[in-house]
Amino acid sequence: MTTISPLIAGNWKMNGLTHSLEELAELARLLTAGAAPRAVVAICPPATLLAIVAAQGASSGILAGGQDCHMAASGAHTGDISAGMIADTGAQFVIVGHSERRADHNETDDVVRAKAEAAIGAGLKPIICVGETEAQRDAGEAESVVAAQLAGSIPDAAEQHEVVIAYEPVWAIGTGRTPTLEDIAAMHASIRSRLEGRFGADHAATIRILYGGSMKPQNARDILAIENVNGGLVGGASLLAKDFYTIISAV
Ligand code: PGA
């Protein structure tokens, strides 16, 4: 099986003002002072900070990503940001289909797929998020819900272009709760096998599957050691450079 370089991506969500760039500078210091990280490192700040994070992160190898993009390339969409605009900042990634977008903005799998297509078209790597709610897990539907989200949200273009999948159980996001290591392993194996079914084993083996949802310095080592976990999408713990660096170092 191909070895995939893990990706640790920080999702700052709607947090971050210019003074937060001190955390970016601190992260850069930590990353350049210690041994070279074994992971690709990215920060997805709010759109207001994206260009500056892309520029300031570059010298220390910190990549930048958007948190969402519009599906259209341009036009009359007040307040929205296109994938091309995100790419224009120097960013390489964009999160699409985060559960907060799915819930707050009624984003369906079709919308998420269109956004992922737009991202690919702009030369970005979409980080496509999927994950079940607590009620769906309790009903034994977690794997089927995630399978349907994968089928609907991943564009066919993922066959020729790099995409990243992030498994984020909705009930684990920002709650301090995580699935058991066995449940994470089972879900990631199930996602890998769906990707194999759609894209073939060789290509599926190259697709990163991140875990997200209350990844912290305390649990990162165990979670990142699980087979088929190729990194993390980190919310709260990415806001403090020290915590985020500890997670990066756990790879
Ligand atoms: P959390 O968020 O790490 O704060 O749980 C993860 C995410 O929503 O990407």
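First listed ligand is number 1; within each ligand, the first listed atom is number 1.
The backbone N or O of Val164 lies less than 3.5 Å from no partner atom in the side chain of Arg208, so there is not a single donor-acceptor pair. Of the possible polar contacts, one joining the His203 side chain to the Ala158 backbone as a donor-acceptor pair under 3.5 Å is found.
To the nearest 0.5 Å, atom CD1 of residue Ile247 and atom NZ of residue Lys242 are 11.5 Å apart.
Residue contacts with ligand 1, taken as heavy atom pairs separated by less than 4.0 Å, involve Ile173 via backbone and side-chain atoms alike.
Listed by atom number, the atoms of ligand 1 under 4.0 Å from Gly236 heavy atoms are 1 (P), 3 (O), 4 (O). The His98 neighbourhood of ligand 1 comprises atoms 7 (C), 8 (O), 9 (O), with distances under 4.0 Å to a heavy atom of that residue. Atom numbering of ligand 1 starts at 1 in the shown order; those under 4.0 Å from a heavy atom of Glu168 are 6 (C), 7 (C), 8 (O), 9 (O). Residue contact check: Gly174 has heavy atoms under 4.0 Å from atoms 1 (P), 4 (O), 5 (O) of ligand 1.
Closest to atom 3 (O) of ligand 1, if we only count protein heavy atoms, is Gly235 N, 2.8 Å. Nearest protein neighbour of atom 2 (O) of ligand 1, counting heavy atoms only, is Lys13 NZ, 3.2 Å.
Residue contacts with ligand 1: Ala237 is excluded, as none of its non-hydrogen atoms falls under 4.0 Å.
For the pair Thr175 and ligand 1, the shortest N or O to N or O distance does not fall below 3.5 Å.
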Could you list the donor-acceptor pairs under 3.5 angstrom formed by side chains in residues 63-73, with sequence neighbours left out?
unit_1: Gln67; atom_1: NE2; unit_2: Lys13; atom_2: O; d: 2.9
unit_1: Gln67; atom_1: NE2; unit_2: Cys44; atom_2: O; d: 3.1
unit_1: Gln67; atom_1: NE2; unit_2: Pro45; atom_2: O; d: 3.3
unit_1: Asp68; atom_1: OD1; unit_2: Lys115; atom_2: NZ; d: 2.8
unit_1: Asp68; atom_1: OD2; unit_2: Arg101; atom_2: NH2; d: 3.2
unit_1: Asp68; atom_1: OD2; unit_2: Lys115; atom_2: NZ; d: 3.4
unit_1: His70; atom_1: ND1; unit_2: Ala72; atom_2: N; d: 2.8
unit_1: His70; atom_1: NE2; unit_2: His77; atom_2: ND1; d: 3.4

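Ring orientation note: the planes of Tyr167 and His188 are nearly perpendicular, at an angle over 60° on the 30°/60° scale.
If you check the side chains of Ser60 and Arg29, you find no donor sitting under 3.5 Å from an acceptor.
By the 4.0 Å N-to-carboxylate-O rule, Glu168 lies too far from Arg102 to be salt-bridged with it.
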